[in-house]
Amino acid sequence: WHHDRLELVHIPIPYIKKSGVRILQIYQKMIHEMRKETGDIVHIHDPQLLPLAKVASSMGCKVIYDRHERYEQIRVLTARLGTLFERVYAKSVDGIVYVNPTQKEYVEKIYQCEKVMIPNYQSKQMFAEYEKNRSSKQIQFIYVGSMEESLRNILLMLRVMRYVLK
């Protein structure tokens with residue numbers, strides 16, 4: 001994808017099944033792809049990929065970490081591993097995007113880089129205005145996202161819709 005002075009290169013992460021590819025193999029593949037692309041900025045979205053921040057920094061890239069979850073409050077092993085990676089690789093991150101004011105204290109404590117909060121959710125006010133102005137009971141829903149992991153994402157969306165339509 002190109003736009004004036006910006007070129008976007010997507011390096012897909014191989015899908016991991018429990019009995020499938022190990023994380024070290026993914027790191028190896030990602031490092032190989034990063035070296036082929038020689039970008040200026042690397043955007044990391046998952047804490048499990050933060051070890052790649054150190055590699056990207058050593059290649060002269062700026063690293064942006066896009067933090068969407070409050071991993072420090074989740075008790076699942078993968079979330080705890082994410083929190084560990086955040087602490088270990090914090091110095092390799094040049095900027096962090098977080099999505100919610102409840103993350104601010106943790107982010108301020110761990111990261112010494114530039115930080116910005118960009119919410120990824122709509123306000124209740126937006127939904128209230130929608131309800132007031134809506135002309136019919138019909139709701140059109142458009143799902144944009146992955147349907148991997150045994151349809152986990154779409155099943156979650158259907159559960160959300162059940163809640164919304166009550």
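Since the structure is predicted, the reported quantities are computational estimates derived from the model, not experimental observations.
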Derivation of the side chain to side chain contact (heavy atoms under 4.5 Å, CB included) call for Y106 and T83: CA-CA 11 Å; Y106 179 82; T83 302; 3.3 Å; yes
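- Listed by first and then second residue, the salt bridge (charged side-chain N to carboxylate O under 4.0 Å, His left out) pairs involving residues 88-107 amount to none (not counting sequence neighbours).
- Looking at Y27 and L49, their side chains come closer than 4.5 Å, going by heavy atoms from C-beta outward.
- Screening Q28, M30, K36 for a side chain to side chain contact (heavy atoms under 4.5 Å, CB included) with H32, the sole residue that qualifies is K36.
- Residues H68 and D66 come closest through the heavy atom pair NE2-OD1, 2.9 Å.
- Panel note: side chain K115, backbone Y111; a donor-acceptor pair is recorded below 3.5 Å.
- For E86 against R67, the heavy-atom pair with the smallest separation is OE2-NE, 2.6 Å.
- Counting non-hydrogen atoms of neighbouring residues, nucleotides and ligands closer than 6.0 angstrom, the CD atom of E108 exceeds 12 such neighbours.
- The CE atom of M59 sits 10.5 Å away from the CG atom of D40 when rounded to the nearest 0.5 Å.
- Other residues, nucleotides and ligands contribute over 12 non-hydrogen atoms within 6.0 Å of the CD atom of E33.
- With a 4.5 Å cut-off on side-chain heavy atoms, P47 and Y65 count as touching.
- Under the 3.5 Å distance criterion, the side-chain polar atoms of D46 are left unmatched by any main-chain donor or acceptor of Q48.
- Side chains of L50 and V93 form a contact here, defined as non-hydrogen atoms less than 4.5 Å apart.
- In this structure the side chain of V99 never reaches within 4.5 angstrom of the side chain of P119, judged on heavy atoms.
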Hey, can you pull the donor-acceptor pairs under 3.5 Å for the side chains in residues 51-58, sequence neighbours left out?
{"from": "S57", "atom 1": "OG", "to": "A53", "atom 2": "O", "distance (Å)": "3.1"}
{"from": "S57", "atom 1": "OG", "to": "S92", "atom 2": "O", "distance (Å)": "3.1"}
{"from": "S58", "atom 1": "OG", "to": "V55", "atom 2": "O", "distance (Å)": "2.6"}

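- Remark: I64 pairs with I41, H43, V97 by the side-chain contact (heavy atoms from CB on, under 4.5 Å) rule, at least two apart or across chains.
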